[in-house]
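Protein chains get the first letters and strands the later ones, always in sequence-line order, with residue 1 at the start of each.
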Amino acid sequence: MVKTIFIFCILAIFTMALSNTNYRFEKPSHFPEALYDFSKNPLKPEIIELGRKLFYDPILSKDSTISCASCHSPFNAFAHTDHDLSHGIRDQIGFRNAPALFNLAWHSNFMWDGAVNHLDMQALAPISSHTEMDEDISNICLKLSMSDNYQKLFEKAFGNNNISGERVLKALSQFQLSLVSAESKYDSVIQNLTVFTPQEKKGYELFLKHCNSCHSEPLFSNFQFADNGLQIDTTLNDFGRMKVTQNKADSLKFKIPSLRNLQYSYPYMHDGRFKKLSEVLNHYVKGIENRPGLAKDLAKKIPLSSTEKVDLIAFLLTLNDKKFVFNKEFGFPKLDK
Amino acid sequence: MRLLLIILFPIVTFAQESQIRFKPTFNAHEIEIGKSYPFEKRSISIENLKFYISNLVIILNDKIVFQDSLPARLIDIENKISLSINVKNGLKFDKIVFNLGIDSITNVSGAFGGDLDPTKGMYWTWQSGYINFKLEGKDPLCKSRHQKFQYHLGGYAAPYNSLQLISLNLDKKSTRAEIRLPIDKFLKAVNPQNQSEIMSPGSRTVELSAILKQLFVVRSW
C-alpha cells in the first residue's frame with residue numbers, strides 16, 4: 001500500500017513538472033540575442049498552441065470571415081502572395097502590403113511605419129482596423145468566452161479559463177515568436193554545413209558590397225527606417241514613418257524588411273508595387289528618386305550589370321527557408337472534434 | 001455592554017479607514033453621466049470620463065507612508081468603485097503624489113492585465129500607447145457629427161510625452177482626502193466649439209495635459 005502511494009506521488013509530481021515545463025526559445029547559433037523579453041511572457045507549448053488556434057480563427061474579425069492567416073499565409077512565409085495591398089473584411093482593401101512574419105523576436109517595432117512598439121500589441125492594429133478585421137478586443141474576449149473549446153484551451157494554457165485581452169495578445173505573440181526561420185541554404189553555409197555555388201558566391205559578395213548595410217545579415221535587415229527613393233504613389237500618398245513621429249525628416253521612410261523567404265513573399269515594398277525581384281533590382285539600379293531624405297547608402301545608384309543582377313538574385317534565393325514555410329507545426333491547427 | 005459594542009464597532013472601523021476619493025466635478029457638482037450642465041450660455045453633457053493614475057504614493061512629513069500596490073488605476077466615472085482608493089487603516093497623510101497617465105516604460109513593455117488590459121478601451125490600436133485621459137460628451141455648438149466632442153489625451157514618446165506628475169498638498173494632516181477635477185474648467189480651456197476632437201499624441205495633447213495637471217485640487221475630508 002505504501003509502495004503504491006509512493007509510486008502514485010512520484011507520478012503525480014512528474015506529471016505536474018511536465019505540465020509546468022516552459023518551452024525553451026531556441027536561438028539559432030548564428031543569430032544575435034533576441035530582443036523580446038521572454039521573462040514577461042514565458043513560452044509554454046499550450047499557450048503557443050492557443051495562439052496558433054487564434055491566429056487561424058476568423059473569430060477575431062467582426063463577421064468571422066477574416067483571420068490573421070487570411071493575409072499572413074504560412075505558405076507565403078506568412079505574407080500575402082499576389083496581393084499588393086492587404087485584403088480585409090467585406091472585401092475591403094487596405095493601404096499597405098501585408099508583411100511576412102518570421103524572426104519577430106528580433107524586431108523592436110512593427111508595421112511598415114513602426115507605429116506599434118511591441119509584438120504583444122501588434123495584433124490590436126489589424127483587429128481594430130475598419131478595413132482589416134473591424135473588431136474590438138473586448139468583443140473578441142466576449143466571443144471566446146462563449147466557446148467551451150476556447151474556455152478549455154485558456155484553462156490549459158493559463159491554469160484557469162479567464163479570457164482577457166492580455167492573454168489573447170500574449171498567446172498570439174507566443175505563436176508568432178515560435179515562427180523562427182533559420183534553415184535556408186545561407187544558414188547552412190554560415191554554419192559550414194554546405195557551400196554556395198560559384199554564382200551564389202558572386203551574388204553574396206555583391207550583396208555584402210551593396211545591400212548589407214541596411215539588409216544586415218543574419219536577419220537580413222537592421223530593422224531601421226529608410227527612404228529607398230520609391231516614387232510616391234499618388235493614389236495612396238503614404239508618407240510612412242512621418243505619420244507616427246510627426247517629424248518631416250521621417251517623410252517617406254519605411255521599415256527595412258528582411259530579405260529572407262523572398263521567393264514566397266512577393267510582391268515587394270510597402271505597397272507591393274514590384275512583383276518580381278528583377279523589378280526590385282532595377283529600381284535600385286536606375287529607378288531611385290533623389291531627394292533630401294534618401295538613405296545615404298543610396299545617394300549613388302547601385303551599379304549592377306545584367307550578369308551581376310542574376311548573380312545577386314541567385315544569392316537572394318539561398319535565403320528561402322523551405323522547411324520553415326512547410327513546417328506543419330506552424331500550419332492550420334487540427335480541427336476541433 | 002454587548003449592544004454598545006455592536007453600535008460602536010462599525011463607527012470605530014469607519015473612523016479608522018483611510019481613503020482617497022476622486023470627484024470629477026462640473027460647476028462644483030459631482031458629474032453625472034448624461035446630465036445636462038449649463039456651460040457658457042448653453043447646455044452640454046458628459047458621456048464618458050476615464051483617466052489613469054499611476055505610481056500613487058502618500059506622504060506624511062515628507063516621508064512616503066504608503067505606496068500603491070497597483071502600478072496603475074483606471075478612474076472611471078461610470079465605475080463608482082474605481083473612484084475610491086482605500087489605504088492602510090488610520091493612516092494620516094499631508095500629501096498625495098501620482099502620475100496622470102501611464103509612464104513610457106509601461107507603454108513599451110507589451111500587454112498587461114487588470115486596469116491596463118487593452119479591453120478597457122484606453123489603448124490606441126493604430127499606434128501603440130495608452131490613452132491617459134479620455135473625455136467625451138456633447139455640445140450643441142460642436143460642428144462634429146452628432147455635436148460630439150472627444151478628447152483622448154496620451155502619448156509617451158518625446159517630444160509629445162503627455163504624462164503629468166501631480167503633487168497635492170493637504171491643508172492639514174488627515175486620514176481622508178477628496179481630489180476634485182473640475183471638468184468645466186478644462187472645457188473652457190479647450191473650447192469644444194473650436195476643437196471638438198483630439199485623438200492622437202501631439203503638441204496640443206501635451207498642452208492640454210499640462211492644463212489638467214493644474215486643475216486637480218485636494219481637500220481633507
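The environment of B:Lys185 atom NZ is sparse: at most 12 non-hydrogen atoms of other residues, nucleotides or ligands sit within 6.0 angstrom. Enclosure of atom CG in A:Asp148 is not indicated, since only 12 or fewer non-hydrogen atoms of other residues, nucleotides or ligands lie within 6.0 angstrom. Surrounding CG of A:Asp91 are at most 12 heavy atoms belonging to other residues, nucleotides or ligands under 6.0 Å away. Counted within 6.0 Å of NZ on A:Lys156, heavy atoms from surrounding residues, nucleotides or ligands total 12 or fewer; the atom is thus considered open. Under a cut-off of 6.0 angstrom, the local environment of CG in B:Asp62 is sparse, with at most 12 non-hydrogen atoms contributed by other residues, nucleotides or ligands. No more than 12 heavy atoms of other residues, nucleotides or ligands shown are found within 6.0 angstrom of NZ on A:Lys152. Heavy atoms from other residues, nucleotides or ligands lying under 6.0 Å from NZ of A:Lys248 number 12 at most.
For B:Ser200, no part lies under 4.5 angstrom from a heavy atom of chain A. With a threshold of 4.5 angstrom between heavy atoms, A:Ser129 does not approach chain B through any atom at all. Proximity to chain B (any heavy atom under 4.5 Å) is restricted, for A:Leu169, to the side chain, taken from C-beta onward. Only the backbone of A:Thr245 comes within less than 4.5 Å of a heavy atom of chain B; no side-chain atom from C-beta onward does.
Of all heavy-atom pairs between B:Val108 and A:Asn117, the closest is CG1-ND2, 3.7 Å. Of all the heavy atoms in B:Ser128 and A:Val116, the pair that sits closest is OG-CA, 3.1 Å. Nearest heavy atoms, B:Asp117 versus A:Glu166: OD2-N, 3.0 Å. A:Cys141 approaches B:Thr119 most closely through the heavy-atom pair SG-CG2, 3.8 Å.
At distances below 3.5 Å, at least one donor-acceptor pair connects side-chain atoms of A:Asp120 with backbone N or O atoms of B:Ala111.
Counting heavy-atom pairs under 4.5 Å between each of B:Gly113, B:Gly121, B:Ala157 and chain A puts B:Gly113 at the top.
For the atom pair CE of A:Met121 and CZ of B:Phe112, the computed distance is 8.5 Å after rounding to the nearest 0.5 Å.
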